[in-house]
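Below is one structure, written out as structure tokens, with a few remarks after it.
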Amino acid sequence: MSVLQKRFKKFRDIARFLRGSAHFLLLALAAGMLTTMFNALTPQIIRYTVDRLTGEQRPGGNFLLLAAAGVVVSATCAGVFTYCSNVCMAKGSEGFLKTMRDQLYRHIQKLPYTWHGQNKTGDIIQRCTNDVEIIRAFLCNQLMEVIRIVFLLVFYMSIMFSMDVRLSAVAAAFIPVVVGYSMYFYSKISSRFLEADEAEGELTAKVQENLTGVRVVRAFGRERYEIERFDQKNNRFADLWIRVGRLMSVYWGAGDFLTGVQAMTILIVGTVFTVRGQITLGELMAFVSYNASLAWPIRSLGRVLSNMSKAGVSIDRVTYILDAEEETDEPWEKEVPMDREIRFDHVHFAYGQAAPVLEDVSFSIPAGSTFAILGSTGSGKSTLVHLLDRLYDLPEGCGSITIGGVDIRQIRRSWLRKNIGMVLQEPFLYSRTVGENISISREHSGWEEIREAAGIACVDDAIEQFSDGYETMVGERGVTLSGGQKQRVAIARMLMQKAPIMVFDDSLSAVDAETDVKIRAALKESMGTSTVILISHRVTTLMQADCIMVLDHGKIAEMGTHEELMERQGIYRKIYDIQMNLDDEALKRGGAVCE
């Protein structure tokens with residue numbers, strides 16, 4: 001495929017978002033052409049008037065009034081069609097922009113979890129805002145402007161050639177020079193535009209990262225360091241655009257010189273022709289007017305054509321997102337009962353080319369039981385539940401994960417995730433009320449259900465102490481709540497899901513020991529027949545589970561009940577002894593419930 005074909009394909013891929021707004025752009029184009037035609041009348045009226053006034057037979061006063069009325073009518077019509085063109089252009093371009101943003105957002109929602117892990121949030125935002133705007137400006141404004149300019153050029157040059165071929169040829173000789181100069185210049189600085197655009201993406205990503213981690217910045221007093229890092233990226237961004245600005249200054253200065261030379265040449269040659277009687281004074285004035293009207297559009301034509309490279313870069317950046325394969329449910333995937341045994345059979349897994357995270361892991365979780373996982377950081381605990389939820393798909397030949405004997409790769413993702421409730425170690429809360437954050441996992445839930453879930457999670461009392469109770473607005477990413485409160489709100493949100501499989505991924509790490517005991521006791525009373533998977537660093541959080549598995553460097557080191565593992569004198573016993581030496585009586589107590 002040639003470069004031209006690839007570029008055409010890129011624009012064709014993006015142009016499909018014009019559906020629903022293309023008719024507005026066509027109307028804008030038609031109105032723009034009518035504007036051009038009415039604007040072309042004014043120089044002709046002036047030409048006719050001047051020639052009559054300088055002729056041997058002087059016209060009467062009514063002639064001047066008619067000429068003035070003609071200018072007013074043509075200008076009024078041109079103004080009306082300019083208004084119509086601008087309104088239609090606004091509707092068309094904004095419709096295109098809305099359609100494209102909607103499609104991008106819907107597509108991003110369906111992209112795999114792995115894709116999000118490989119791409120920076122700030123860069124994704126940059127592609128969906130700045131690059132989309134560049135594409136809109138080119139397709140809906142600049143490309144339409146090219147068509148209008150070509151029409152203007154052909155229409156005006158036709159009129160000029162009808163008046164005098166030689167003077168028109170002089171004017172036309174400069175057109176390819178100006179257009180070629182603009183295209184050459186912009187083709188040379190397209191790489192500079194790309195550098196500046198990428199620098200803006202890095203700057204946006206830096207700001208997003210800083211605002212997201214504002215607590216860490218404050219906690220470690222890293223404000224000065226963050227400011228210096230931002231200054232570095234901001235200085236680079238500013239320097240790149242200054243370089244672009246310098247080059248643009250050269251372009252505009254040289255362009256003004258070429259335009260001035262053309263205007264001067266037309267005026268000198270036209271004056272000579274007028275003195276010799278080869279053209280009339282009115283024709284010279286019309287020529288000068290038409291030439292002046294063509295000067296800026298001709299320069300714009302070269303600039304717009306050269307801007308295709310800049311728009312092409314933005315299209316590449318946007319189509320990178322659109323071309324990413326969505327995470328979809330296949331027709332052959334099933335919806336199976338989820339209250340069944342979960343089995344991991346010889347599971348191997350690694351992230352990309354990194355070292356294996358899980359090696360030959362095999363175990364089963366009986367339906368309705370509580371299964372606990374203990375292990376050091378990086379031992380693969382969270383990876384197990386991520387694989388169970390199909391946030392990552394287990395590659396072929398790397399073992400299998402089944403629920404009720406059915407491989408989860410044959411179960412619909414939407415069905416799987418609907419029936420697996422997860423509470424992560426670092427829960428995410430939306431910038432909504434506390435009540436909305438709890439009920440978000442279940443539509444049309446009532447206040448009694450919300451309060452019941454909050455009560456089980458031992459967060460009801462804390463919420464009631466807020467000035468607005470459940471209507472209290474949660475700051476971005478839950479910054480108005482403590483770490484323990486966020487985790488408990490996330491637990492309440494998961495409980496609202498009423499899923500047959502519940503996963504607690506170290507979700508009590510930010511609460512105190514006494515509250516940990518209370519929450520576990522309340523959960524035990526309310527879970528019913530649900531299968532529960534507990535991941536924690538606290539032995540006391542896991543010790544009442546039906547089975548405890550100890551992971552060590554991606555392998556199963558031990559497995560059994562609390563009593564069995566205590567007798568083996570292995571890793572579990574060592575961790576237990578270390579934690580119990582803290583002599584925290586609250587950790588040893590069990591059976592308390594939320595008051």
Side-chain angles (χ1 to χ4, degrees), residues 109-117 325-351 356-373 375 379-424 441-443 493-505 507 523 526-535 545-549 551 554-556 559-560:
Q109 297 303 303
K110 298 177 182 178
L111 291 178
Y113 183 73
T114 51
W115 186 89
H116 287 278
E325 188 174 351
E326 292 183 357
E327 188 180 64
T328 58
D329 289 326
E330 300 295 339
W332 46 265
E333 292 180 342
K334 311 171 185 176
E335 294 182 1
V336 301
M338 299 291 287
D339 54 345
R340 299 290 189 271
E341 179 190 51
I342 301 170
R343 179 180 291 275
F344 282 67
D345 188 20
H346 299 289
V347 171
H348 297 260
F349 186 76
Y351 294 102
V357 179
L358 298 172
E359 296 185 62
D360 198 24
V361 174
S362 298
F363 62 91
S364 61
I365 306 174
S369 66
T370 299
F371 188 85
I373 305 174
S379 60
K381 304 184 302 297
S382 296
T383 301
L384 286 173
V385 294
H386 288 166
L387 290 173
L388 178 63
D389 206 40
R390 292 190 69 184
L391 294 178
Y392 298 97
D393 267 327
L394 191 63
E396 292 292 339
C398 293
S400 65
I401 305 172
T402 60
I403 298 178
V406 180
D407 195 310
I408 62 171
R409 286 170 292 199
Q410 298 177 358
I411 302 175
R412 291 186 182 275
R413 285 187 177 88
S414 55
W415 176 258
L416 191 71
R417 292 167 185 170
K418 179 182 178 182
N419 288 277
I420 298 179
M422 293 187 68
V423 186
L424 304 178
S441 62
R442 187 179 179 188
E443 296 182 1
R493 178 173 62 191
M494 189 271 284
L495 293 174
M496 290 289 292
Q497 192 174 343
K498 300 186 183 300
I501 300 174
M502 297 184 181
V503 178
F504 297 85
D505 187 359
S507 53
L523 287 172
S526 63
M527 285 175 183
T529 60
S530 296
T531 302
V532 179
I533 301 175
L534 291 175
I535 298 175
D546 299 311
C547 183
I548 303 171
M549 180 175 70
L551 281 180
K555 298 179 180 180
I556 299 176
M559 187 182 300

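Nothing fancy with the numbering, it's 1 onward along the sequence. Since we're looking at a predicted model, the values are computed, not measured.
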Requested in this report: Decide, yes or no, whether a salt bridge links R390 with E333 under the criterion of side-chain N to carboxylate O below 4.0 Å.
Outcome: yes

Requested in this report: State which residue, out of R417, R412, R413, fulfils the side chain to side chain contact (heavy atoms under 4.5 Å, CB included) condition with W415.
Outcome: R412

Query raised in the report: Quick one: are E341 and T402 in side-chain contact, heavy atoms under 4.5 Å?
Result: no

Query raised in the report: Donor-acceptor pair, K381 side chain versus G375 backbone, under 3.5 Å?
Result: yes

Query raised in the report: Just wondering, are more than 12 heavy atoms of other shown residues or ligands nearer than 6.0 Å to CD in Q109?
Result: yes

Query raised in the report: How about L384 and I535: do any of their side-chain heavy atoms sit closer than 4.5 Å?
Result: no

**Report entry** Under 3.5 Å: donor-acceptor pair, side chain of S441, backbone of M494
**Finding:** no

Query raised in the report: Which heavy atom in F371 sits nearest to a heavy atom in S364, and how many Å separate them?
Result: CE1-O, 4.1 Å

Query - Donor-acceptor pair between D505 and S382 side chains, under 3.5 angstrom - result: yes

Query raised in the report: Hey, mind stepping through M338 and L416 against side chain to side chain contact (heavy atoms under 4.5 Å, CB included) and telling me if it holds?
Result: CA-CA 8 Å; M338 299 291 287; L416 191 71; 3.4 Å; yes

Query raised in the report: Taking 4.0 angstrom as the limit, do D407 and R409 come out as a salt bridge?
Result: yes

Query - Spacing of L388 atom CG and I342 atom CD1 [to the nearest 0.5 Å] - result: 5.0 Å

Report task. Would you check if H386 and M422 make a side-chain contact, meaning some heavy-atom pair closer than 4.5 Å? Result -> yes

Query raised in the report: Got I403 and I501 here, is their nearest side-chain heavy-atom distance under 4.5 Å?
Result: yes

Query raised in the report: Can you name the nearest heavy-atom pair linking A499 to G421, along with the distance?
Result: CB-N, 3.5 Å

**Report entry** Gap between atom OG of S400 and atom CZ of R343 - 0.5 Å precision
**Finding:** 9.0 Å

Report task. Work out which heavy atom in A545 is nearest to a heavy atom in T370; give both atom names and the distance. Result -> CB-O, 3.6 Å

**Report entry** Min side-chain heavy-atom separation H348-D360 under 4.5 Å
**Finding:** yes

Query raised in the report: Is there side-chain contact between I411 and V406, with heavy atoms separated by less than 4.5 Å?
Result: yes

Query raised in the report: What closest approach, in Å, do N419 and P500 show between heavy atoms, and which atom pair accounts for it?
Result: O-CD, 3.3 Å

Report summary line: Taking every heavy atom of F349 against every heavy atom of D393, the minimum-distance pair comes out as CE1-O, 4.1 Å

Report task. Kindly compute the distance separating CG (L394) from CG (D345), expressed to the nearest 0.5 Å. Result -> 10.5 Å

Query raised in the report: CG/L111 to CD/E327 distance, rounded to the nearest 0.5 angstrom?
Result: 9.0 Å

Query raised in the report: Does any N or O in the side chain of T531 come within less than 3.5 Å of the main-chain N or O of A367, such that one atom is a donor and the other an acceptor?
Result: no

Query raised in the report: Is it the case that Y392 and T383 place a side-chain donor and acceptor less than 3.5 Å from each other?
Result: no

Query raised in the report: Do you know the tightest heavy-atom contact between L387 and I408?
Result: O-CD1, 3.2 Å

Report task. Check whether any side-chain heavy atom of T114 sits under 4.5 Å from a side-chain heavy atom of Y351, and report yes or no. Result -> no

Requested in this report: Start with the C-alpha distance between L534 and I373, add both sets of side-chain angles, then the distance that settles side chain to side chain contact (heavy atoms under 4.5 Å, CB included), and finish with yes or no.
Outcome: CA-CA 6 Å; L534 291 175; I373 305 174; over 6 Å; no

